[in-house]
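Scope of the values below: all heavy atoms of this structure, side chains included, with no hydrogens, waters or symmetry mates. Positions are given from 1 along the sequence. Read the numbers this way: they start at 1 and go in the same order the structure lists the ligands and their atoms.
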Amino acid sequence: MTTKLIFFTGGVISSVGKGVTAASVGRLLKARGFDVTIQKLDPYLNVDPGTLSPYQHGEVFVLDDGSETDLDLGHYERFCDLHLKKSSTVTTGQVYEEVINRERRGDYLGGTIQVIPHITNEIKRRVDLLSHSTDADIALIEVGGTVGDIESQPFLEAIRELRNDLGREDTAFVHITWLPYLRATNETKTKPTQHSVRELRSVGILPDVIIARSDYPVEKELSSKIAQFCDVREDAVIPLVTADLLYEIPLVLEQAGIADILLDRLNLTPKRPPVMDGWQRMVAELKKPKPSIKIGLVGKYVELHDAYLSVREALNHAALYYGVDVDLRWISSTEIEKNNRKNLLADLDCIIVPGGFGSRGVEGKILTAQYARENKVPYLGLCLGLQVMMIEFARNVLGLEDANSSEFDKLTPYPVIDLMIEQRGLSQMGGTMRLGLYPCSLKPGTKSADLYGTDLIQERHRHRYEFNNAYRQKFEENGMVFAGLSPDGVLVEMAELKDHPYMIASQFHPEFLSRPNHAHPLFLGLIEAACRKAGLPVQKNNLDFTN
Ligand code: GLN
């Protein structure tokens, strides 16, 4: 069977939730027994988002194979419980790079290279590559940006051609738009949606489903009006009111019947009646009133919560298993440097220091690690969070004054964190970090090994610096346990502190592998320790959200 394609486009404004919508549709199709895969087509010219500041598009998500991707790939993996590969992420930068390299090689000798057909053909080839690299029955393809943007045009042209190439029965289009609300007249307006659909039709794409996002309930007359003006079946205009809980969206879309409308369009019969029991149980658990634990997330991009999206999700997943809500306090590490840190960190049940780059705010993170160690506050350090834990220990326990990472102080007398040997002499910044899945052996008898329940793990990485082994012995003699090492014993992957309720850090990013149906052991450990600190009953629920 050929892979059928469902395309998702966005209208009116950006950030309407195309990624979550596509991921939710994926979940609903999986619930009917289909194998699905997902791809994001990003219209920006960067080859990948790896060199972008998190302020631009939120966190950079990392796949098993080391691809640095848009955060929507995280939604896809979490909602559909998939492990995606490089073929799931395409940017304009990659497409042009490929075409220009071919031109320089002489592959097109004699030809003029143009957006149509060379760029559009390369986009189509990449969609095709995705379908052929998996056994998926259905591939969901999200076009980034908003219809009408100059840079989206080649993508829209390519997907229009794909409908022609493959035929109507093998392709469907979902358009996600925004209905603005006017307070002056107390009205929700459909006109921008009509314009956006007109724009889409002008490039030859007729949407099969319109998802009308809104902050307020959408009356039946409004969806009928959209159906009439946009030439879409009435039941295929699906209002989607902003939800408090992302994980509720698949249930809302299920109720609206989106999966059946799309399957009908694609002439597919469900392989089994939808099984969503696990997901429903999960949402019901999430909605139950629960005691909450106060978690301080100390980072430098805290104004933009999407910069730490996977960390936040991983905390939520783990909290669910302990029957608690996460009261997440976003704490700026630069504020900790300026103000009295006790005021900012007091009263927390646990602290998390996530990844980061560059020296801004790093001293605040070092002070945070010191506070957590001295006050025995549960602490989880992720990547940079491990590095600052080591720097703090070196300075304040080992007495190595001015110890630092050579990332922040090239002349430090004690570079306890140093550039990895393989990284030295690299001149290219893009895609050259230590990226993706690497194995790590856990030391038996450590907290980390206990939490994982195994002695060999695989986790996703994204870093250039590492713990400097010249200091390993000194650290160990003073109470630091290197609980996880690369299997050859060379690279420190995990560290934990003796005589502390929970001070654990990893050089890798566990947040990228956490799923609602299997919370990550390191986050579970943190939440358990936080519950103890908060004086809450510590009981891990035996929840099964698998289906
Ligand atoms: N800047 C540090 C490094 O490159 C940490 C990276 C991170 O936290 N992802 O090693």
Side-chain angles (χ1 to χ4, degrees), residues 48-64 66-69 71 74 297-302 304 306-312 314 333-334 351-366 368-369 379-392 394 403-410 412 415-438 440 459-469 471 484 486 490-495 504-514 520 522:
D48 63 45
T51 50
L52 282 172
S53 152
Y55 283 127
Q56 300 276 315
H57 295 268
E59 82 177 0
V60 175
F61 192 77
V62 180
L63 306 181
D64 285 348
S67 304
E68 296 174 279
T69 77
L71 55 73
L297 185 150
V298 179
K300 73 169 180 184
Y301 311 109
V302 287
L304 185 77
D306 272 0
Y308 303 106
L309 181 63
S310 295
V311 175
R312 189 184 68 196
S333 51
T334 43
I351 293 173
I352 187 153
V353 177
F357 296 84
S359 56
R360 183 171 67 86
V362 82
E363 287 299 323
K365 292 178 190 170
I366 296 169
T368 302
Y379 172 100
L380 178 62
L382 312 175
C383 203
L384 181 60
L386 174 136
Q387 300 177 354
V388 295
M389 177 171 145
M390 299 300 119
I391 297 168
E392 185 282 314
N404 214 328
S405 160
S406 50
E407 178 180 6
F408 314 124
D409 179 4
K410 293 254 169 310
T412 170
V416 291
I417 304 293
D418 207 0
L419 192 62
M420 301 179 77
I421 299 205
E422 315 81 271
Q423 292 287 325
R424 298 184 187 172
L426 279 180
S427 55
Q428 293 253 35
M429 293 301 275
T432 56
M433 280 189 248
R434 180 169 180 257
L435 291 165
L437 224 47
Y438 283 94
C440 160
E459 292 278 3
R460 294 179 182 177
H461 296 70
R462 183 168 185 254
H463 66 120
R464 291 189 201 280
Y465 291 79
E466 63 177 332
F467 180 75
N468 183 343
N469 285 330
Y471 297 92
S486 54
V490 173
L491 199 107
V492 169
E493 290 275 16
M494 290 199 69
I504 295 192
S506 64
Q507 189 52 75
F508 48 79
H509 290 269
E511 68 272 24
F512 293 143
L513 288 180
S514 175
H520 193 283
L522 296 182

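- Side-chain contact between Val353 and Gln387 is absent, with no heavy atoms from C-beta onward closer than 4.5 Å.
- What sits closest to atom 7 (C) of ligand 1 on the protein, heavy atoms only, is Cys383 SG, 2.9 Å.
- Counting only heavy atoms from C-beta outward, the side chains of Tyr438 and Ser486 never approach each other to under 4.5 Å.
- Considering only non-hydrogen protein atoms, atom 10 (O) of ligand 1 sits nearest to Tyr465 N, 2.9 Å.
- Contacts with ligand 1 closer than 4.0 Å are made by side-chain heavy atoms of Gln387 only, the backbone lying farther away.
- Residue nearest to atom 4 (O) of ligand 1, selected from Arg434, Met433, Arg464: Arg464 (by heavy-atom distance).
- The ligand atoms of ligand 1 that sit less than 4.0 angstrom from a heavy atom of Glu407 are 1 (N), 2 (C), 3 (C).
- Those atoms of ligand 1 that come under 4.0 Å of a heavy atom in His509, given as number and element, are 9 (N).
- Classification of the His461-Phe508 ring pair by plane angle, with boundaries at 30° and 60°, yields perpendicular.
- Applying the side-chain contact (heavy atoms from CB on, under 4.5 Å) test between Arg464 and each of Glu407, Arg434, Met429 identifies Met429 as the sole match.
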**OP:** Verify side-chain contact (heavy atoms from CB on, under 4.5 Å) between Glu59 and Ser310, making sure each step is shown before the conclusion.
**Re:** CA-CA 8 Å; Glu59 82 177 0; Ser310 295; 2.5 Å; yes

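- Ligand 1 has no atom lying under 4.0 Å from any heavy atom of Gln507.
- Heavy-atom proximity to Gly356, at under 4.0 Å, picks out these atoms of ligand 1: 1 (N), 2 (C), 5 (C), 6 (C), 7 (C), 8 (O).
- At the shortest separation from atom 9 (N) of ligand 1 among protein heavy atoms lies Arg462 O, 2.9 Å.
- Not a single donor-acceptor pair under 3.5 Å links the side chain of Arg462 to the backbone N or O of Val62.
- Residues Ser405 and Ile391 meet the side-chain proximity criterion, which asks for heavy atoms closer than 4.5 Å.
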